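In what follows, a single structure is set out as structure tokens and then discussed.
All figures in this text were calculated on a predicted structure; none of them were measured in a lab. Sequence positions, counted from 1, serve as the residue numbers for this chain.
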Amino acid sequence: ENTWRHAIKEYSHYAKGNMSLISVEAVPFDAALTEEVTYVKMDCEGAEIEILETVSDWKNVKRLVFEYSFTKRKDMGRFRAIAAQLRKTFPQMDMEDAAREAVQD
């Protein structure tokens with residue numbers, strides 16, 4: 001059995017197949033951002049934008065790293081909106097060429 005496949009069911013391409021589900025306790029992302037957190041790296045299997053849209057206060061986070069798959073999600077409006085929102089907190093944003101072009105269009 002392949003045990004490395006983990007994902008949020010609503011956002012997973014694995015959801016179409018035969019998979020077993022387990023429930024885990026979770027806290028809202030905002031609640032995990034305590035004053036001690038200065039670095040966040042997200043890999044949420046396609047749920048990054050939805051999570052980023054919920055954050056109202058990044059507290060002491062100085063660096064945020066996440067990926068966005070343009071092949072899975074082609075909603076450039078949402079990507080541009082979250083990029084604009086993130087620029088308010090993180091003025092320096094490093095993006096691959098495709099993302100940079102998408103934001104500038």
Side-chain angles (χ1 to χ4, degrees):
E1 179 179 353
N2 188 346
T3 58
W4 61 265
R5 292 185 178 182
H6 56 282
I8 299 172
K9 183 179 177 184
E10 289 80 16
Y11 304 105
S12 175
H13 59 279
Y14 301 122
K16 295 177 183 84
N18 181 20
M19 66 178 178
S20 60
L21 302 176
I22 60 168
S23 296
V24 295
E25 281 191 48
V27 298
F29 192 75
D30 274 4
L33 294 175
T34 64
E35 295 296 326
E36 293 79 26
V37 176
T38 60
Y39 180 89
V40 173
K41 181 178 185 300
M42 298 174 61
D43 186 356
C44 304
E45 300 299 324
E48 289 81 2
I49 296 299
E50 287 80 1
I51 293 170
L52 291 169
E53 289 173 334
T54 69
V55 178
S56 59
D57 181 6
W58 286 96
K59 296 183 176 71
N60 287 328
V61 175
K62 306 290 186 244
R63 185 174 293 241
L64 168 67
V65 176
F66 71 96
E67 66 180 36
Y68 182 81
S69 175
F70 292 101
T71 58
K72 290 181 185 176
R73 298 262 171 115
K74 298 184 180 2
D75 186 349
M76 295 311 301
R78 279 181 88 184
F79 179 80
R80 288 183 184 115
I82 197 64
Q85 186 66 29
L86 289 171
R87 267 204 182 93
K88 296 175 185 174
T89 303
F90 306 103
Q92 179 183 346
M93 295 177 65
D94 297 324
M95 299 183 201
E96 292 183 6
D97 292 341
R100 190 176 305 104
E101 289 169 14
V103 171
Q104 292 172 352
D105 287 346

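The nearest pair of heavy atoms linking Val37 to Val40 is CG1-CG2, 3.9 Å.
Atoms CD1 and CD, on Ile82 and Glu48 in that order, are 11.5 Å from each other to the nearest 0.5 Å. Distance check: Lys59 NZ to Thr34 OG1 gives 8.0 Å after rounding to the nearest 0.5 Å.
Counting heavy atoms from C-beta on, the side chains of Val61 and Leu33 come closer than 4.5 Å.
Take Val65 and apply the side-chain contact (heavy atoms from CB on, under 4.5 Å) test, not counting sequence neighbours, and it matches Tyr39, Lys41, Arg63. Taking the side-chain contact (heavy atoms from CB on, under 4.5 Å) definition, one finds that Ser23 meets it with nothing, sequence neighbours left out. Glu53 pairs by the salt bridge (charged side-chain N to carboxylate O under 4.0 Å, His left out) definition with Arg78, not counting sequence neighbours. Partners of Gln92 under the side-chain hydrogen bond (donor to acceptor under 3.5 Å, both in side chains) rule, at least two apart in sequence or in another chain, do not exist in this structure. Evaluation of the ring-ring contact (aromatic ring centres under 6.0 Å, His included) rule for Phe90 yields Trp58 as partners, not counting sequence neighbours.
The stretch residues 24-37 participates, sequence neighbours left out, in no salt bridge (Lys or Arg N to Asp or Glu O under 4.0 Å) pair at all.
For the pair Thr89 (side chain) and Leu86 (backbone), a donor-acceptor distance under 3.5 Å is absent.
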